[in-house]
Amino acid sequence: MAGLLQALVGVSEKAAHIARLCRHEEPLFQLLVAEKTGPDRNRRFLQDFKTLADVLIQEVIKHDLGKEFPELQGHIHGEESNEFRNAQGETVTVRVCATPGDTAALLLSVLEPERAAAELLAAAVHRDVALGDAELAGAALSIPPQDLAVWIDPIDSTNEYIGGREDVAPRGGIAPGGLSSALVLIGAYDRHTGCPVLGVINEPFFRRDPLTRRWQGRYHWGVAYGDTRLCSLSPPPPPRPAPRLVLSRAEGGPVRAALGPLCGGRDGDGDGLRFAAGAGYKMLCVILGLADAYVLSEGSTFAWDACAPHCHPAGPGGGVVALAGALRARQAGDTGPPPELVYNRPAEGAAGAERWANWGGLVAYAHPQHLEAVLAALATVPGL
Ligand code: 2IP
Ligand code: CA
C-alpha cells in the first residue's frame with residue numbers, strides 16, 4: 001500500500017508540473033478561463049473561474065489513479081466537472097485519451113488555434129514521473145484501496161492562481177496571498193467511516209529558482225490510519241503562549257474582534273491575527289507550525305479543500321473539527337473532544353458543490369488548548 005501513497009505523490013507532481021506549464025504560457029492563460037455557473041458556483045465569489053488546468057489536472061489524477069488501482073474507479077471525486085466550454089460555445093468533455101496525439105487533438109478543440117500549447121499539455125499529461133524519494137519509498141503501509149475513496153482539489157486558491165502575483169512578501173512565514181497559496185490537494189478517505197487516511201499537499205509555486213526565476217515546487221504527505229501516523233514533516237513546534245491564528249481575508253468583523261485579543265491583539269484590534277488566501281494553504285500553515293490554528297466561521301470550504309490537509313497530523317492532539325457543531329457541544333456542557341470532519345456524507349437538501357460544503361465553518365488546530373480558547377472566544381459572537 002506504500003504503492004498508493006507513492007501514486008498520490010507521483011500524480012500530484014504531474015499535476016503541479018501542468019499547473020506551472022499553464023502559468024508559463026501567459027498570453028494563452030487568459031484564454032483558459034471560463035466562468036463557473038449554476039450549482040457548481042462557489043457561493044463566495046460572484047465570479048469564480050475554472051481553468052482548463054483545473055479540469056485537466058483533475059482528469060489526469062482520476063485517470064492515473066484509476067488505471068493503477070482499478071478498485072478506486074468510481075470513487076475518485078473532484079471539485080470540477082470535466083466539461084469545458086470552448087470559444088465557440090461548444091461543450092468539450094476533457095479526458096485523458098489513449099495516446100498523446102489523441103489527447104492533443106481533444107485539447108486543441110478547446111485551445112484552437114494554439115496547437116503547440118495543446119501538444120505541450122498533452123505531453124505533460126502522458127509523461128512518466130519518477131520520484132527519487134527514499135523516505136516515501138520506505139513507507140510500509142497496508143491499507144486496502146477497496147476501502148478508500150479520493151477527493152481532488154486540482155488547484156486550490158484558483159483566484160490566486162489566476163491573479164498570479166509572484167512576489168507577495170510573507171509575514172511570519174505566512175504569505176497573505178499570491179501564487180504560493182495555490183496548491184494541489186489529493187486526499188484519500190475511508191469509504192465507510194469518512195475519516196481521512198492518506199493525503200498529499202503539493203505546492204507547485206513554492207519558490208523561484210534565483211538563477212532561472214522559474215518556479216520550483218515541493219510536496220508533503222501524511223497518513224492517519226488506525227494507530228499509524230506518518231508524515232513527511234516534523235511535528236509542529238510546542239504551542240505558543242498566545243496562539244497565532246490564520247483567517248480568511250473574507251472573515252467578518254465580529255469574528256476578528258472576538259479572536260484578536262486571544263492572539264495578542266490590543267483591545268480587539270486583531271493585530272495578532274494573520275490573513276491568507278486558500279483553505280488548503282491555511283491548513284498547511286497549521287501543519288507547518290506557522291500558525292496554531294485556522295478558524296473559519298462560514299461554510300465556504302468543501303470536502304476537497306480539507307481532506308488532504310486533514311491527513312497530516314498537525315500535532316499529537318491536533319485535528320480539524322466543525323466549528324458550529326463544536327460550539328453547540330460546548331454550549332450543551334459537553335466537554336469531550338468535538339467530532340472531526342468526515343468526507344463521505346453529503347449535506348441533506350443541498351445541490352451541486354454545496355452538498356460537500358463544510359457547513360458551519362471549521363477549526364484546524366495543532367494543540368487542543370488552542371481549540372478550547374478559540375471556542376470560548378467565539379461562544380459570544382452572535383449568529384455563530
Ligand atoms: C477555495 C479557495 C478560496 C477559499 C475557499 C475555497 O477553493 O481555497 O481561497 O476561500 O474556501 O473553497 P479563502 O481564500 O477566503 O479561504 P478554490 O479556489 O479551489 O475554489
Ligand atoms: Ca478549493
Side-chain angles (χ1 to χ4, degrees), residues 12 15-16 19 22-23 32-58 61 77-81 150-165 168 174-187 199-205 245-252 255-256 273-286 291 293-310 320 322-323 341 343 347 350 352-364:
S12 84
C22 291
R23 282 243 32 116
L32 301 185
V33 292
E35 202 172 323
K36 279 189 185 177
T37 53
D40 278 348
R41 185 166 55 84
N42 183 328
R43 282 165 304 117
R44 171 83 58 71
F45 303 109
L46 290 179
Q47 274 200 323
D48 193 4
F49 296 102
K50 64 178 175 180
T51 64
L52 181 61
D54 256 330
V55 177
L56 186 64
I57 288 171
Q58 182 171 303
I61 295 170
H77 317 289
E79 172 169 22
E80 304 295 339
S81 102
V150 175
W151 277 119
I152 304 165
D153 191 342
I155 297 179
D156 185 41
S157 226
T158 320
N159 282 32
E160 298 301 314
Y161 177 65
I162 293 169
R165 286 178 298 148
V168 178
I174 298 176
L179 258 188
S180 57
S181 37
L183 307 179
V184 176
L185 306 171
I186 311 174
V200 178
I201 301 173
N202 200 308
E203 302 182 72
F205 306 99
L245 304 179
V246 62
L247 308 183
S248 164
R249 294 179 305 205
E251 195 61 73
V255 169
R256 293 179 182 214
L273 298 170
R274 295 286 185 274
F275 296 91
Y281 179 74
K282 286 187 276 291
M283 292 178 81
L284 177 61
C285 287
V286 178
Y294 161 36
V295 184
L296 177 71
S297 68
E298 287 182 26
S300 52
T301 67
F302 298 86
W304 48 81
D305 295 317
C307 184
H310 197 169
V320 185
L323 175 59
L341 291 189
Y343 297 93
E354 304 295 308
R355 295 172 71 222
W356 298 103
N358 300 314
W359 290 105
L362 59 80
V363 184

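When a ligand or atom number is given, it counts from 1 through the structure's own listing order.
- Of all atoms in ligand 1, numbered sequentially from 1 with element shown, those under 4.0 Å from a heavy atom of D153 are 19 (O).
- Between atom 9 (O) of ligand 1 and the options G278, S248, A306, S181, the minimum heavy-atom separation is to G278.
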Item to check | H77 vs W356, side-chain contact (heavy atoms from CB on, under 4.5 Å): CA-CA, chis, key distance, verdict | outcome: CA-CA 11 Å; H77 317 289; W356 298 103; over 6 Å; no
Checklist entry - What's the verdict on side-chain contact (heavy atoms from CB on, under 4.5 Å) for L185 and W151, showing C-alpha distance, side-chain angles and the deciding distance? => result CA-CA 8 Å; L185 306 171; W151 277 119; over 6 Å; no
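- For D156 (side chain) and G280 (main-chain N/O), a donor-acceptor pair under 3.5 Å exists by modelled atom type.
- Note: an N/O pair closer than 3.5 Å links A279 and ligand 1 by distance alone.
- Residue contact check: S300 has heavy atoms under 4.0 Å from atoms 5 (C), 6 (C), 11 (O), 12 (O) of ligand 1.
- Contact detail for I155 and E79: the closest heavy-atom pair is O-OE1, 4.5 Å.
- In this structure, the separation between CD1 on I201 and CG on D153 is 11.5 Å, given to the nearest 0.5 Å.
- Around the Ca ion (ligand 2), the two atoms OD2 of D153 and OD1 of D305 are separated by an angle of 90°, to 10 degrees.
- No side-chain donor from either of E203 and S180 sits under 3.5 Å from a side-chain acceptor of the other.
- Interface atoms of ligand 1 facing I155, defined by a heavy-atom separation under 4.0 Å, are 19 (O).
- Considering backbone and side-chain atoms together, D156 places an N or O closer than 3.5 Å to an N or O of ligand 1.
- Between the Ca ion (ligand 2) and the N, O or S atoms of D156, the shortest distance is to OD1.
- Considering backbone and side-chain N/O of A277, none are found under 3.5 Å from N/O of ligand 1.
- The pair R249-E160 meets the salt-bridge criterion, since a charged nitrogen lies less than 4.0 angstrom from a carboxylate oxygen.
- Residue contact check for ligand 1: D54 places no non-hydrogen atom closer than 4.0 Å to it.
- Taking any N or O of T158, backbone or side chain, at least one lies under 3.5 Å from an N or O belonging to ligand 1.
- Which of E160, E251, K282, R249 comes nearest to atom 16 (O) of ligand 1 through a heavy atom is settled by distance: it is K282.
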Item to check | Audit row: L296, L323, side-chain contact (heavy atoms from CB on, under 4.5 Å) steps and yes/no | outcome: CA-CA 8 Å; L296 177 71; L323 175 59; over 6 Å; no
